[in-house]
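The structure displayed is predicted, hence computed values, not measured ones. Just so you know, ligand 1 is whichever comes first in the structure, and atom 1 is the first atom listed for that ligand. All values below were derived from every heavy atom in this structure, side-chain atoms included, with hydrogens, water molecules and symmetry-related copies excluded.
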Amino acid sequence: MDVTEAVATHCPYCALQCAQSLTPTPTGVEVAPRDFPTNRGGMCQKGWTSAALLQTPDRLTSPLLRVDDELVAVDWDTALDHLAARLRAVRAESGADAVAVFGGGGLTNEKAYQLGKFARLALGTANIDYNGRFCMSSAAAAANRSLGMDRGLPFPLEDLRGAQAVLLLGSNLAETMPPSLNHLAAVRARGGLVVVDPRRSATAALAADDDGVHLQPVPGTDLAVLLGLTHVVLRDGLADRDYLHGRTSGLDALAAAVAAWWPERVEQVSGVPVAALERAAHRLAAAAPVHGGDGAYVLTGRGVEQSSQGTDTVTAAINLALVLGLCGRVGSGYGAVTGQGNGQGGREHGQKADQLPGYRSITDPDARAHVAGVWGVDPATIPGPGLPAVQLLAALGTAGGPRALLVHGANLRISAPSAGDVARRLAALDLLVVCDFVLSETAALADVVLPVTQWAEEEGTMTSLEGRVIRRRRALPPPAGVRSELQVWAELAARLRAPGRWDTDPAAVFDELARASAGGRADYSGLSHARLDGAEALFWPCPATPAGAPEHPGTPRPFLDRFPTPDGRARLVPVDHRGPQERPGPGHPLHLITGRVLQHYQSGAQTRRVPELAAAQPEAFAELHPLTADRLGVGDGDRLRLRNRRGEVLARARISAAIRPDTVFVPFHFAGAGSVNEITNDALDPVSSMPEFKVCAVDVVAEDDPAPHAGAPVEGAAR
Ligand SMILES: Nc1nc2c(c(=O)[nH]1)N[C@H]1C(S)=C(S)[C@@H](COP(=O)(O)OP(=O)(O)OC[C@H]3O[C@@H](n4cnc5c(=O)[nH]c(N)nc54)[C@H](O)[C@@H]3O)O[C@H]1N2
Ligand SMILES: Nc1nc2c(c(=O)[nH]1)N[C@H]1C(S)=C(S)[C@@H](COP(=O)(O)OP(=O)(O)OC[C@H]3O[C@@H](n4cnc5c(=O)[nH]c(N)nc54)[C@H](O)[C@@H]3O)O[C@H]1N2
Ligand code: SF4
Ligand SMILES: [Mo]
C-alpha cells in the first residue's frame, strides 16, 4: 500500500463519525475534515487533535506481565503462552464461566463480532458484556419493546434540517457532537428547539437564546415531564388519530396512564412550570404532519437514559412521538443519539450478554442454529446468556463468580458506577487482562497488558449513530510490537484449541459477520468492504440479494411501511414515574448529575494524553449555582469535597447560574481524586440493567472541611 496518499477515514471518537482525511507525514499523520452528510466538513476539537495520540510518549509497544507487583515487558509469545496457560487453568479449576470478557462500543464491527465469538467458542463462557450497557441499553430496550427494532436514529441525521420542532431530552449536542448543530440551525431559526436539561447547557442555551424552550426539571424527573407533555397533547385534541388507528396499538392503556399526569402535578414533581410544559407540547404538535407542520422529532440522550427508570423514560418519549404521529414518516421521528464511535454496530454483533450476531437473541433456538452453522459448531456448544455489565462486575472474584476478566476497549476503573467497588472487585480477580494502546487506569491494575492497534493503524467498519456502515481505513503501519486484536484472538484461539475459523484480515471477518447476521434484525449480509469502498456508506438492514438481482440499496428509514413487530404496529406501552433511587435528604442535600465536556472523551484515557485538550480541561470541576456556593461559603475556583456513603471526590468550584440551585454537575473524565464515579450510584434499570449514572444524592463542602461524612443513605420512595 502506498502510504503517502491521503486516506479517507473517520474520527476515532464519537458516533457522529466525522469524515477525516489522514495524510501521512514523517512523524505521523495530518488530520483534515472531509465532507460527509453527518459533519459537512466540520470536526470538533477532539477530531482536530486526534492524531496526537498516535505519538503519545507512553504508547504501549510491548506486552506487559505482572511480576512481583511490577508490570514488566515481555515478548508476545511469552505473554500469549502464559495467558493461555492461565486461562486453561482457571477454566479447568472453576469452569468456563469463571473467565469473563468485557468489550467496548469503540471496537470496529469486525472486532465486536470476533470478541463475541471468541468468548463463546474459544473460552466457552456465557459471561461477556460491554460498556454499551452503560450507554445505549435503556434506549435499545425501549426501542425494541415499542418499535420492534433498535436503530438509534431510524433516519439520516440530515433529515433534521427540515424539521419545524425538535425536542431534545438530556442531550448536550453542542459539546458532545458539535458538528451536528449544523443540522439544527434551521429549527433554531424557527424557534422550534426545545431542550430538557437541569442545566442551561451549551445546547439548552441555544434553545433559550433562539426563542425555543428550555425546560429545567429536577434531575431524574423527565419521565413525569414526558407524561405531562403526552397528557397535554391528548387533552388538547392534538393527537394524530388516523395514525394511531392505522399504525399503533395500545392507545387506551396509554391514555389511562397519562390521564393522572395533569400539568400541575408535573410541575409539583419536576419543577417545570405548567405554562412552559404546555408551550413545549403545543410547539411540538404544531410541527407534526397531522397539523400541517413541516415535521417534528423527539430525541433522547444519556441525560434521561442513564437512570433506574431509563427504559421507561425512553418509552414515554416514544409514546409522545407516536401520539403525534411522528415515527415511520419522512421528515419526523423519534431517535436516541448513540454515543460511542461504534456504539450502534457494537450493540449488534454479539458482545452483549444475551445476544448473538445480527442483533439475535442467544436464547432463540433458530438464531443459535443459524450462527452455529456459520461458526461450524454444534448449537449446543454455544453458551446461554451471561451477566449484564454491572452484575458481572459485582460478581468478579466472589464465590462462584468469574476469577478472570479480559477487557477490550473499556476503562472500567474510571467509567463504571460506584467505581471504588469495581476497583475492589478487580483486585479480587486471579487474572485481569487488558488490551489497550495506552496504560489506562484499568490496564495499570492488570496482570497482563497487550498493546493493540489504534484507529489510524487499522482497517474495518464502524456503524454511525444513523446506522450507516462506514469504512475505517489504515493510514500508517502500527509501531513495532503492536498487534491487532484480531491477531491476538487468533493466536489465543489456536493455543486454546478452539473450534472455528479465526481470520485476522478484517475484510474476511466482515464477510463472516455478514453471513452470521443474515436474516437477523441487523442484517449486514448485502455488505462487504469492497461494496462499502465503492459506496462510502450504506444503512442497515442491507440483506444479500439472489445472484444476478440488483444489490439491496440499504435502509435509511426502516419504519416507513411498517414497524418490525409481529403485527407491524408500534406499541404504546404505558409507563409511570418512580423517580431516581436516591434523592436529596438530610446529610445529602444536593442532586449530583454527571456528564461530559467538549474536550474530553469518556474516561479520558485518550484525551487526557492530548496536550491541547488536557490544557483546556485539566481537572475535575463541580458546576454549582451562586446561591448554593453562598450557602456553602465557597468561591469560584475553590476546591470542593463531594461525598456520600460510597466515598468522596475532589473538584474545583465553577459557579454558574446555569444550573439549578439544588443540583451540582461533575464531568466523569478524570482519574484519581477527581473521578466522580467513586460516588455515583450503581442502582439499575430493571429492564435494561443500565446504571443510574446521571442522578444521585451528595453532600458538598469546602475541601478543608474536616468533618467526616455522617449522613445515612437516602433511598427513594415513589413521590
Ligand atoms: N465531548 C465528548 N463528546 C462525546 C463523548 C465524550 O465523552 N465527550 N462521549 C460520546 C458518548 S459515548 C456518548 S454516550 C454521548 C453522550 O452525549 P450526551 O447525552 O449529550 O452527554 P452527557 O453530557 O452525558 O449528558 C447530556 C446532558 O444530560 C444532562 N442531564 C443530567 N442529568 C439529567 C436529567 O436528570 N435529566 C435531563 N433531562 N438531563 C440530564 C446533563 O446536564 C448533560 O448536559 O456523547 C458522545 N460524545
Ligand atoms: N458518571 C458517569 N459515568 C459514565 C457516563 C456518564 O455519563 N456519567 N457515561 C457512560 C458511557 S455513555 C460510556 S459509553 C462509558 C464509556 O466508558 P469507557 O468504556 O471507559 O470509555 P473509554 O474512555 O472510551 O474507554 C475505552 C478504553 O479502550 C481503549 N480503546 C479504544 N479503542 C480501542 C480498541 O479498539 N481496542 C482496545 N482494546 N482498546 C481500545 C481506550 O484507550 C480506553 O482506554 O462511560 C460511562 N460512564
Ligand atoms: S464530533 Fe465526534 S466524530 Fe466529530 S470530530 Fe468530534 S469527536 Fe470526532
Ligand atoms: Mo456512551
Between ligand 2 and K694, can you find any atom pair, the residue atom being a heavy atom, that is separated by under 4.0 Å? yes

Without hydrogens or angle criteria, can the side chains of N342 and N109 be said to hold a donor-acceptor pair below 3.5 Å? yes

Go through ligand 3 atom by atom and flag the ones less than 4.0 Å from a non-hydrogen atom of [X].
X	answer
G47	5 (S)
Q17	3 (S)
Y13	7 (S)

Report the nearest protein non-hydrogen atom to [atom]: residue, atom name, distance rounded to 0.1 Å.
atom	value
atom 8 (Fe) of ligand 3	C11 SG, 2.3 Å
atom 34 (C) of ligand 2	L107 CD2, 3.6 Å
atom 32 (N) of ligand 2	F437 CE2, 3.5 Å
atom 19 (O) of ligand 2	N131 ND2, 2.5 Å
atom 1 (N) of ligand 2	N677 OD1, 2.8 Å
atom 1 (S) of ligand 3	P179 CD, 3.5 Å
atom 20 (O) of ligand 1	N172 N, 2.7 Å
atom 10 (C) of ligand 2	Q306 NE2, 3.4 Å
atom 43 (C) of ligand 1	D197 OD2, 3.4 Å
atom 14 (S) of ligand 2	Q602 NE2, 3.2 Å
atom 35 (O) of ligand 2	K111 NZ, 2.8 Å
atom 6 (Fe) of ligand 3	C44 SG, 2.3 Å
atom 23 (O) of ligand 2	S603 OG, 2.5 Å

(request) Assess H591 for proximity to ligand 1: is some non-hydrogen atom of it under 4.0 Å away? (result) no

TODO: Would you check whether T203 reaches within less than 4.0 Å of ligand 1, judged by its heavy atoms?
DONE: no

Examine [X] against ligand 2 and note whether any of their N/O atoms are separated by less than 3.5 Å.
X	value
R302	no
E458	no
T453	no
T594	yes
F134	no
D436	yes

Review point. Counting only N and O atoms by type, is there a donor-acceptor contact under 3.5 Å from the side chain of N39 to the main-chain atoms of R34?
Key: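 Confirmed, N39 side chain pairs with R34 backbone.
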
Has T221 got a side-chain atom pairing as donor or acceptor with P217's backbone, closer than 3.5 angstrom? no

Which atoms from ligand 1 have a heavy atom of [X] less than 4.0 Å away?
X	result
C135	14 (S)
Y601	5 (C), 6 (C), 7 (O), 8 (N), 9 (N), 10 (C)
G170	19 (O), 26 (C), 27 (C), 28 (O), 37 (C), 38 (N), 39 (N)
H600	1 (N), 2 (C), 6 (C), 7 (O), 8 (N)

Approximate separation, where rounding is to 0.5 Å, of [X] [atom1] and [Y] [atom2]:
X	Y	atom1	atom2	answer
M462	K111	CE	NZ	8.5 Å
I414	T442	CD1	OG1	6.5 Å
R302	T176	CZ	OG1	8.5 Å

Can you figure out which of [options] has its heavy atom closest to [atom]?
atom	options	value
atom 28 (O) of ligand 2	G409, G104, P451, S415	G409
atom 38 (N) of ligand 2	R472, Q606, M690, E485	E485
atom 12 (S) of ligand 2	Q340, E305, R596	R596
atom 27 (C) of ligand 2	G339, A605, A410	A410
atom 25 (O) of ligand 2	T338, N411, L60	N411

Report the part of [X] in contact with ligand 1, treating N, CA, C, O as backbone and CB onward as side chain, heavy atoms under 4.0 Å; options are side chain, backbone, both, neither.
X	result
C14	side chain
V597	backbone
T176	both

Exercise. Got an N, O or S from C14 under 2.8 Å of atom 2 (Fe) of ligand 3?
Worked result: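 Given the 2.8 Å cut-off, C14 counts as a ligand of atom 2 (Fe) of ligand 3.
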
Do the side chains of H625 and R660 get nearer than 4.5 Å, heavy atoms only?
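Of all side-chain heavy-atom pairs linking H625 with R660, none is under 4.5 Å.
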
Hey, does R596 have a side-chain heavy atom less than 4.5 Å from the side chain of Y601?
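A side-chain contact is absent here, since even the closest heavy-atom pair is not under 4.5 Å.
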
Counting from 1 in the order shown, the ligand 2 atoms closer than 4.0 Å to a non-hydrogen atom of C435 are 37 (C), 38 (N), 39 (N)

S440 heavy atoms, cut-off 4.0 Å: which ligand 2 atoms fall inside?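 Within the 4.0 Å cut-off of S440, ligand 2 contributes 44 (O).
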
**Study point:** Ring-face cation of R468 near F36 (centre distance under 6.0 Å, axis angle within 45°)
**Key:**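 The answer is yes, since R468 meets both limits relative to F36.
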
